[in-house]
Amino acid sequence: MTEEQAVVVQEELRPLVDLVGPGPSAPATVAGLDVAYSPGGDLLAAAVTVLDARTLTVVDSAVGVGRPAFGYVPGLFAFRELPALLTALNRLTTVPDLLVCDGHGLAHPRRFGLACHLGVVTGLPAIGVGKTPLVGTWDPPPVERGAWSPLRDGGDVVGRVLRTRDGVKPVFVSVGHRMSLANATAQVLALTPRFRLPETTRTADRLCRDALSRTEHPD
DNA sequence: GCGACAG
DNA sequence: ATCTTGTCGC
């Protein structure tokens, strides 16, 4: 697929995003998704970890190993990681109530980032939590955990810049599918009792790194 | 035209 | 994303 064709796919799928939500206020399980790459960038491992939303312990997980399905192009990120992530999701024995993606949802040039794509394809509620911005402008939120400021782009509020820990660099929260922005914010805060990044992202990050390492060095 | 640009 | 030297802080 060419970049032009990928953009067409995004514009075709974008109308399918559910912006009403509001999504589960008390999900029983929340999934984290992340991908690790080999040093040469020729291999990748995708991981999904499903956490009990109350205890934040892992109750299910799966991985998918493969080749990057697309070059790294900002704005077309989903085409790179989606196939391996879907492989991992299909290997779960449970269906999570919410997907927490490592990247953006609506906070995207065409309002269709990885979290939207993953949400539409799976039909599950999804949100994006990015470590760095892709689009938009914002004011620095107050230093206290829980403080946030709107992320604006082209006249739209596309997400929130959220402080998950006192005095620590904020994260970028945006809606993916079947979730309100307010609920997405609440869920991210529930997942960050101790660290800047959601517990879901942290467990998935560890798992895909381990899986990649085991793929490169069997023994 | 120039710089920016999720992971 | 990954590599990589040094530095700050708990």
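Proteins get letters first, then strands, A, B, ... in listed order; numbering begins at 1 in each.
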- Message: Quiz question: by atom type and distance under 3.5 Å, do the side chains of A:T203 and A:T49 form a donor-acceptor pair?
- Response: yes

- Polar contact flag, side-chain donor to acceptor under 3.5 angstrom, A:D60-A:T93: yes

Just the rounded figure in Å: distance from [atom2] of [N] to [atom1] of [X].
X      : N     : atom1 : atom2 : result
A:R110 : B:dA6 : CZ    : C1'   : 12 Å
A:L197 : C:dA1 : CG    : C1'   : 15 Å
A:D34  : B:dA6 : CG    : C1'   : 12 Å
A:D102 : B:dG7 : CG    : C1'   : 7 Å
A:R209 : C:dC3 : CZ    : C1'   : 12 Å
A:L82  : B:dG7 : CG    : P     : 16 Å
A:Y37  : B:dA6 : OH    : P     : 12 Å
A:D42  : C:dT2 : CG    : P     : 13 Å

For nucleotides 5-10 of chain C, give me every protein contact, N/O to N/O, under 3.5 Å, one pair per line with atom names.
none

- Item | Salt bridge A:D34-A:R209, side-chain N to carboxylate O under 4.0 Å | no

- Message: So, applying side chain to side chain donor-acceptor pair (under 3.5 Å) with A:R145, which one of A:D166, A:T164, A:T192 is it?
- Response: A:T192

Under 4.0 Å between any heavy atoms, over every strand shown, what does [X] touch: base, sugar-phosphate, or nothing? Just pick one.
X      : answer
A:L44  : nothing
A:L85  : nothing
A:G41  : nothing
A:A107 : nothing

- Specify whether A:F79 and A:H117 have parallel, tilted or perpendicular ring planes, treating 30° as the upper limit for parallel and 60° as the lower limit for perpendicular. perpendicular

- Message: Tell me whether the count of non-hydrogen atoms from other residues, nucleotides or ligands lying under 6.0 Å of CZ in A:R152 goes above 12.
- Response: no

- Message: Is any side-chain heavy atom of A:L89 closer than 4.5 Å to one of A:L33?
- Response: yes

- Item | Audit row: A:L19, A:L106, side-chain contact (heavy atoms from CB on, under 4.5 Å) steps and yes/no | CA-CA 10 Å; A:L19 298 176; A:L106 292 180; 3.6 Å; yes

- Message: Is there a side-chain contact between A:Y72 and the phosphate of B:dA6, meaning an N or O under 4.0 Å from OP1 or OP2?
- Response: yes

- Query: Per the side chain to side chain contact (heavy atoms under 4.5 Å, CB included) rule, which among A:L51, A:V188, A:V48, A:V129 passes with A:T200?
  - Reply: A:L51

- Quick note, A:E81 side chain, CB onward, closest among B:dG7, B:dA6, C:dT2 is B:dG7

- With the side chain defined as heavy atoms from C-beta on, A:P74 is closest, among B:dG7, B:dA6, C:dT2, to B:dA6

- Query: Of all of residues 119-144 of chain A, which get a heavy atom below 4.0 angstrom from DNA chain B, listed by number?
  - Reply: A:G130, A:K131, A:T132, A:P133, A:L134

- Roughly how far, to the nearest 0.5 Å, is the NE2 atom of A:H104 from the OG1 atom of A:T132? 5.5 Å

